[in-house]
**Student:** 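Quick one: structure below, then a few questions.
Throughout, residue positions are numbered sequentially from 1 according to the sequence presented. Atom set for the values below is all heavy atoms of this structure, side chains included, hydrogens, waters and symmetry mates excluded.
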Amino acid sequence: MTATPGAALAIRLNGEPHLLPESMSLRALVDSVGCDPASVAVELNGVIVRRARLVETTIVDGDVVEIVRFVQGG
């Protein structure tokens, strides 16, 4: 799916519908939801994306993104 320039993108983020005002990188999405990229794993359409590729991976309309936070406990 491709997006119309200036149109909102409809994605699924952690299982919920989510609208983005514009196309952005996975890194920008992680930052926008208040997560530290060093403490999360990001999955895009069922595939884990390496941290080094978050900046260069662009979200498109219809993508499914899962952001999993690492939690330390005992």
**Student:** Asp61 side chain to Ala10 main-chain N or O, any donor-acceptor pair under 3.5 Å?
**Tutor:** yes
**Student:** Between Leu29 and Leu13, does the side-chain contact (heavy atoms from CB on, under 4.5 Å) criterion hold? Intermediate values first, please.
**Tutor:** CA-CA 10 Å; Leu29 178 63; Leu13 176 60; 4.2 Å; yes
**Student:** Quick one: do Val49 and Val33 end up in the same hydrophobic cluster if we chain Ile, Leu, Val, Met, Phe, Trp and Tyr together by side-chain heavy atoms under 4.5 Å apart?
**Tutor:** yes
**Student:** Just to verify, what does Arg12 make a side chain to side chain donor-acceptor pair (under 3.5 Å) with, not counting sequence neighbours?
**Tutor:** none
**Student:** State whether the side chain of Asn45 and the backbone N or O of Asp63 hold a donor-acceptor pair below 3.5 Å, judged by distance alone.
**Tutor:** no
**Student:** For Glu16, check side chain to side chain donor-acceptor pair (under 3.5 Å) against everything at least two apart and list the hits.
**Tutor:** none
**Student:** I'd like to know whether Asn14 forms a side-chain contact (heavy atoms from CB on, under 4.5 Å) with Ile67, so could you lay out the CA-CA distance, the side-chain angles of the two residues, the decisive distance to 0.1 Å, and finally the verdict.
**Tutor:** CA-CA 6 Å; Asn14 292 344; Ile67 300 174; 4.1 Å; yes
**Student:** Please enumerate all residues that pass salt bridge (charged side-chain N to carboxylate O under 4.0 Å, His left out) together with Arg53, with sequence neighbours excluded.
**Tutor:** Glu56
**Student:** To the nearest 0.5 Å, what is the distance between OG1 on Thr57 and CE on Met24?
**Tutor:** 14.0 Å
**Student:** So, for Ser23 and Leu9, which heavy atoms are closest and what is the spacing to 0.1 Å?
**Tutor:** CA-CD1, 3.5 Å
**Student:** Quick one: CD1 on Ile11 to CD1 on Ile59, what's the gap to the nearest 0.5 Å?
**Tutor:** 5.0 Å
**Student:** List the residues meeting side-chain contact (heavy atoms from CB on, under 4.5 Å) with Val55, not counting sequence neighbours, and say none if there are none.
**Tutor:** Arg27
**Student:** Might you point out which heavy atoms bring Arg51 and Pro37 nearest each other, and give the distance in Å?
**Tutor:** NE-O, 2.9 Å
**Student:** Ser39: what forms a side-chain contact (heavy atoms from CB on, under 4.5 Å) with it, not counting sequence neighbours?
**Tutor:** Asp36
